[in-house]
Amino acid sequence: MAKNKIRRIDMLIFTIIGYIVLGCISILCLIPFLLTVSGSFTDDSSLFEYGYRLIPQEFSLEAYKLIFQAPEVIAKAYGVTIVLVFTGTLLGLFFISMTSYVLHRKDFKYRNKFSFFFFFTTLFSGGLVPWYLVMIGLGMKNNYLALLLPHLFSVFHIIIMRTFFTSIPESIGESAKLDGAGDFTIFARLYLPMSIPALSTIGLFIALTYWNDWYPAMLFITNPDMMPLQYHLYKVFNSMQAAQIVAQKTGIPVAQMPAETFKMAMTVIVTGPVILVYPFIQKYFVKGMTVGAVKG
Amino acid sequence: MHRTNSLLTELKKNKMLFLMLIPAVLYFIIFSYLPMGGIIVAFKYFEFDKGIFGSPWVGFKNFAFFFQSGQAWLLTKNTILYNLAFIAAGMAVQVGVAILFSELKGRHIKKMMQSSLLLPYFISWVVVGSFVFGIFNYEFGSLNTLLKGWGMSPVDVYGNPSIWFFIIVGFYLWKLVGYGSIVYLAAIMGINPELYESADLDGANIFQKIRHITLPLLKTTIIIMILLQVGGILRGNFDMFYQLVGNNSLLFNQTDVIDTFVFRALNQQGLDLGMPAAVGLYQSAVGFIIIVSLNALIKKINPDYALF
């Protein structure tokens with residue numbers, strides 16, 4: 001009896017502290033999002049008096065109106081990013097799984113040598129400058145390929161896929177081979193359909209990488225029409241160029257624009273899609289994380 | 001002779017498999033191994049119109065300049081200090097959160113909390129940069145709004161370098177708390193429940209169970225995670241530093257890391273690229289030595305977790 005009582009008390013203390021701590025961290029995680037959304041609906045001229053708050057002091061839709069007066073600017077950036085996410089994810093999945101398929105084949109004599117050939121690149125690199133020179137040498141300045149190529153392959157994903165393929169019984173491939181199927185056919189017709197769960201998790205990671213990427217754009221893209229979403233947002237925050245383009249398209253002088261709340265509204269528009277799909281993809285994501293934690 | 005023969009027979013036997021490897025092999029040759037050869041730029045005075053081979057050799061001059069200017073020490077110190085803070089604070093917070101999640105009972109509220117903890121992982125550092133600006137900018141940032149509301153004087157965060165260490169570490173924790181705790185939570189879920197049941201029979205309370213069962217059994221996972229991160233101790237989270245600090249040179253003494261330095265040197269058009277290439281090579285080479293030695297260490301602790 002006494003023991004039970006003690007346990008109830010210590011569990012009670014633990015539960016209370018636990019919920020308070022986790023509750024506080026959860027709120028801290030959400031507050032920047034809420035502040036930004038609220039900021040985007042605030043009247044720009046009231047900002048200097050009242051600042052950004054959780055609830056706007058003076059509600060206003062001006063920032064969004066300004067964005068949608070020249071929708072083609074943001075639409076272009078959206079277009080670049082969406083095409084990039086789809087092409088990058090599909091091509092990446094195809095190439096990564098094809099590579100992993102070969103590396104997992106036990107009858108492929110040089111599989112360990114090739115595996116090390118890929119893996120070594122994660123240990124040592126030439127650094128940013130030589131890579132930059134190679135990219136420039138290949139004509140990547142203002143080239144969409146500069147956005148696509150940097151994330152097409154990932155050694156980490158190749159290792160995860162190789163581990164996944166190893167869990168598929170070899171007899172499946174062997175019996176198909178007896179029926180006269182070639183290696184590529186076995187990979188494309190048998191292994192790929194069986195790997196949809198693994199592929200969709202890795203695909204999520206790749207898609208997220210492309211969606212959030214801005215670095216190659218900063219290095220290689222100077223043409224405003226070719227900028228992906230995140231880099232466009234970066235420009236909105238860090239250069240007058242973005243504001244001038246909007247001024248040109250809408251005819252509103254830069255000085256009269258709700259410049260500060262405009263930045264917040266852009267942040268909301270850039271982040272919105274990820275937040276909207278988040279509840280649906282979170283589950284797969286967590287599953288993929290725990291798979292990735294197990295070493296390949 | 002024998003080697004080429006066996007390669008030829010293998011080529012004939014598995015022609016299709018070799019063909020399927022071609023895209024990946026080409027990709028890594030062009031984008032990884034070719035740049036590795038490009039590190040000769042570090043020993044040259046690089047001029048764009050002369051190219052890599054036409055530019056004159058300068059020996060170790062680029063390295064000498066980097067080390068004598070005092071930049072090498074500052075950048076290395078900042079990079080290592082930040083990474084140590086990320087590793088230590090990240091581990092403490094993530095393990096703590098994982099333990100709380102594993103012991104608390106309410107399923108729905110836990111799910112809600114886990115969702116909000118993981119949310120920051122999904123947004124880009126550009127967006128985080130915009131959050132930071134919205135909170136800390138002097139005229140109308142949320143922080144100063146709050147301070148003014150309490151009758152206190154506003155703080156000039158962007159003009160005060162010493163605060164930035166805490167802001168950067170804070171936002172690192174903020175972005176990765178949910179993501180990082182998943183690994184530890186999975187490890188806790190793998191602990192045999194019978195251990196806790198027999199501890200219950202012995203009358204152990206929850207704090208004793210955490211201290212004597214959960215933490216000791218997490219030890220290996222924690223050590224491995226720390227060693228893996230220490231392997232990248234010279235690599236900077238470029239995205240984070242660049243988006244939070246940007247080109248605000250007022251803060252560089254406290255916030256400049258190797259990656260941001262190399263990037264700026266590259267981005268200042270018309271300058272010699274030999275020096276940033278030398279800094280990059282220094283980072284890569286020392287990092288390589290660290291990883292290889294750590295891997296040997298991990299192999300001793302637990303061969304299952306060794307990288308190679």
Side-chain angles (χ1 to χ4, degrees), chain A residues 3 6-7 10-11 14-15 18 21-22 25-26 29-30 32 35-36 39 47-48 51-53 95 98-99 102 105 108-109 114 118-119 121 123-134 153 182-184 208 212 214 230 233-234 237 263-264 267 270-271 274 278 282 286 289-290 293 295, chain B residues 10 14 16-17 20-21 23-24 27-28 32 34-36 38-39 41 52 97 100 103-104 113 115-120 122-124 126-127 129-131 133-135 139-142 144-145 174 177 182-183 186 203 205-207 246 262-263 266 273 276-277 280-281 283-284 288 291 305 308:
Chain A
K3 266 182 198 165
I6 292 166
R7 194 176 304 147
D10 72 66
M11 207 48 215
F14 181 84
T15 310
V21 171
L22 285 184
I25 300 179
S26 311
C29 282
L30 292 181
L35 281 174
T36 303
L47 262 189
F48 288 90
Y52 285 124
R53 296 157 175 265
F95 284 131
M98 189 163 76
T99 311
V102 179
R105 283 275 299 259
F108 183 60
K109 203 174 154 195
F114 278 110
F118 298 132
F119 181 69
T121 61
L123 301 178
F124 186 77
S125 80
L128 176 64
V129 174
W131 179 77
Y132 176 81
L133 292 177
V134 167
F153 277 95
D183 288 319
F184 185 78
L208 191 65
N212 281 337
W214 55 277
Q230 305 292 338
L233 179 65
Y234 171 81
F237 269 84
K263 291 177 183 172
M264 294 299 142
T267 309
V270 167
T271 323
V274 175
Y278 175 66
Q282 188 201 354
V286 172
M289 269 290 301
T290 34
K295 197 205 146 207
Chain B
E10 180 74 12
N14 285 326
M16 199 58 203
L17 294 181
M20 288 163 77
L21 266 187
Y27 182 90
F28 283 96
S32 298
L34 206 58
M36 277 185 218
I39 55 182
V41 173
I52 293 179
V97 165
L100 289 178
E103 295 288 348
L104 292 179
M113 292 193 294
S115 296
S116 62
L117 254 60
L118 197 56
L119 187 59
F122 282 79
I123 58 169
S124 73
V126 183
V127 173
S130 99
F131 287 174
F133 179 75
I135 294 172
E139 288 100 357
F140 38 80
S142 310
N144 283 343
T145 305
W174 179 81
V177 56
I182 292 175
V183 176
N205 69 33
I206 175 88
F207 302 104
V262 173
F263 174 78
L266 174 72
L273 287 184
L281 178 57
Q283 179 190 30
S284 262
F288 179 71
I291 290 186
Y305 287 97
F308 49 93

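Lettering of chains follows the sequences in order, A, B, ..., and the numbering in each one begins at 1. We use all heavy atoms of the structure for the numbers below, so side chains are in, but hydrogens, waters and symmetry mates are not.
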*With respect to chain A, which residue among Ile52(B), Leu281(B), Leu119(B) yields the maximal number of heavy-atom pairs within a distance under 4.5 Å?*
Leu119(B)

_Contact leader toward chain A among Gly246(B), Gly134(B), Gly141(B), where contacts are heavy-atom pairs under 4.5 Å_ = Gly134(B)

*Can you name the one residue among Phe118(A), Phe95(A), Phe114(A) that meets ring-ring contact (aromatic ring centres under 6.0 Å, His included) with Phe28(B)?*
Phe118(A)

Could you check whether any side-chain N or O of [X] sits under 3.5 Å from a backbone N or O of [Y], counting only pairs where one atom can act as donor and the other as acceptor?
X: Tyr234(A); Y: Val127(B); value: no
X: Tyr52(A); Y: Phe140(B); value: no
X: Asp10(A); Y: Ile206(B); value: yes

Measure distances from [X] to the heavy atoms of chain B and classify the residue's part below 4.5 Å as side chain, backbone, both or neither.
X: Leu123(A); result: both
X: Trp214(A); result: side chain
X: Phe153(A); result: both
X: Leu35(A); result: side chain

*Contacting moiety of Phe133(B), where chain A heavy atoms sit under 4.5 Å*: side chain

_Quick check on Glu10(B) against chain A: is it the side chain, the backbone, both or neither that has a heavy atom closer than 4.5 Å?_
side chain

Between chain B and each of [options], count heavy-atom pairs under 4.5 Å; write down the option with the most.
options: Leu22(A), Thr121(A), Val270(A); result: Leu22(A)
options: Gly18(A), Gly39(A), Ser26(A), Gly127(A); result: Ser26(A)
options: Val134(A), Thr267(A), Val102(A), Leu233(A); result: Val102(A)

Between [atom1] on residue [X] and [atom2] on residue [Y], distance to nearest 0.5 Å:
X: Ile135(B); Y: Thr36(A); atom1: CD1; atom2: OG1; answer: 7.0 Å
X: Leu128(A); Y: Gln283(B); atom1: CG; atom2: CD; answer: 9.5 Å
X: Phe108(A); Y: Met16(B); atom1: CZ; atom2: CE; answer: 12.5 Å
X: Asp183(A); Y: Met20(B); atom1: CG; atom2: CE; answer: 6.5 Å
X: Leu266(B); Y: Leu133(A); atom1: CG; atom2: CG; answer: 7.5 Å
X: Met264(A); Y: Ser130(B); atom1: CE; atom2: OG; answer: 5.0 Å

*asked:* Using side-chain contact (heavy atoms from CB on, under 4.5 Å), reason through Phe124(A) and Ile291(B) one step at a time and then give a plain yes or no.
replied: CA-CA 10 Å; Phe124(A) 186 77; Ile291(B) 290 186; over 6 Å; no

*For the residue pair Leu17(B) and Arg105(A), establish whether any side-chain heavy-atom pair is separated by less than 4.5 Å.*
yes

*For Cys29(A) and Val177(B), what are the C-alpha separation, side-chain angles and deciding distance, and is it a side-chain contact (heavy atoms from CB on, under 4.5 Å)?*
CA-CA 9 Å; Cys29(A) 282; Val177(B) 56; 4.2 Å; yes

*What orientation do Phe14(A) and Phe207(B) show, parallel under 30°, tilted 30 to 60°, or perpendicular over 60°?*
perpendicular

*Go through the structure and list residues passing side chain to side chain contact (heavy atoms under 4.5 Å, CB included) with Val274(A), not counting sequence neighbours.*
Trp211(A), Phe122(B)

